[in-house]
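This report concerns only the one structure given below.
None of these values were measured; they are calculated from a predicted model. Basis for what follows: all heavy atoms, side chains included, without hydrogens, waters or symmetry-related copies.
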Amino acid sequence: VQLQASGGGLVQPGGSLRLSCAASGFTLGYYAIGWFRQAPGKEREGVGSITSDSGSTYYVDSVKGRFTISRDNGKNTVYLQMNSLKPEDAAVYYCAARSYGATWSTSLNSYDYDYWGQGTQVTVSS
């Protein structure tokens, strides 16, 4: 069972990146997915989540209107499209899978999540 986040990199302020979260060893379609990030010296924070059937998404205020989570269950992959990136968005981004409330909950409580991927670094700098 493995989750792998990828797609990070260096981008200028105002730029865009698309992160991917790919699952192996289990069917991602049965799980809600959350995206989290952790900047140096800061606690990990939730960014947004999507239910297993894409019926609901949730974003924290700091990324609302700029970030979009989508999923392709046929490809066992979830995406985080990040637009209008700001320096304060720089962090290691993680995806996580949650079976509890997969179809109805957009919780970003990290304790609810079953599997975590290795992070991908996002750097926003000119």
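For the pair Val124/Gln12, no side-chain contact is recorded, criterion being any heavy-atom separation below 4.5 Å from C-beta on.
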ask   = Taking it one step at a time, do Leu85 and Leu17 satisfy side chain to side chain contact (heavy atoms under 4.5 Å, CB included)?
value = CA-CA 8 Å; Leu85 282 161; Leu17 279 176; 4.2 Å; yes
query = Is there a side chain to side chain contact (heavy atoms under 4.5 Å, CB included) between Thr57 and Thr106 once you walk through the steps?
reply = CA-CA 6 Å; Thr57 54; Thr106 54; 5.9 Å; no
Which atom pairs, donor and acceptor, lie under 3.5 Å between side-chain atoms of residues 40-48 and protein residues at least two apart or in another chain?
unit_1: Glu45; atom_1: OE2; unit_2: Arg37; atom_2: NE; d: 2.6
unit_1: Glu45; atom_1: OE2; unit_2: Arg37; atom_2: NH2; d: 3.1

Could you tabulate the donor-acceptor pairs under 3.5 Å formed by side-chain atoms of residues 19-36, not counting sequence neighbours?
none

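Thr77 contributes atom OG1, which lies 10.0 Å from atom CZ of Arg71 (distance to the nearest 0.5 angstrom). From Tyr94, atom OH reaches atom CG of Leu3 across 13.5 Å, with rounding to the nearest 0.5 Å. Distance check, rounded to the nearest 0.5 Å: CD1 of Ile69 to OG of Ser56 gives 11.5 Å. With rounding to the nearest 0.5 Å, the separation of OG in Ser54 from CG in Asp72 is 9.0 Å.
Between Leu108 and Ser49, the shortest heavy-atom contact is CD2-CB, 3.9 Å. Here the closest non-hydrogen pair linking Ala90 and Ala39 is O-CB, 3.6 Å. Tyr59 and Val63 get closest at one heavy-atom pair: CB-CG2, 4.0 Å.
Judged as a side-chain contact (heavy atoms from CB on, under 4.5 Å), and not counting sequence neighbours, the contacts of Arg18 are Tyr79, Gln81. In this view, Ser62 satisfies the side-chain hydrogen bond (donor to acceptor under 3.5 Å, both in side chains) rule with no residue, not counting sequence neighbours. In this view, Ser105 and Arg98, Ser107 satisfy the side-chain contact (heavy atoms from CB on, under 4.5 Å) rule, not counting sequence neighbours.
Judged as a side chain to side chain donor-acceptor pair (under 3.5 Å), the pairs with a partner in residues 114-126 (not counting sequence neighbours) are, in order, Ser99-Asp114.
Side-chain contact of Asn83 with Ser16: a donor-acceptor pair under 3.5 Å is present, judged by distance alone.
A salt bridge links Lys64 with Asp61; the closest basic N to acidic carboxylate O contact falls under 4.0 Å.
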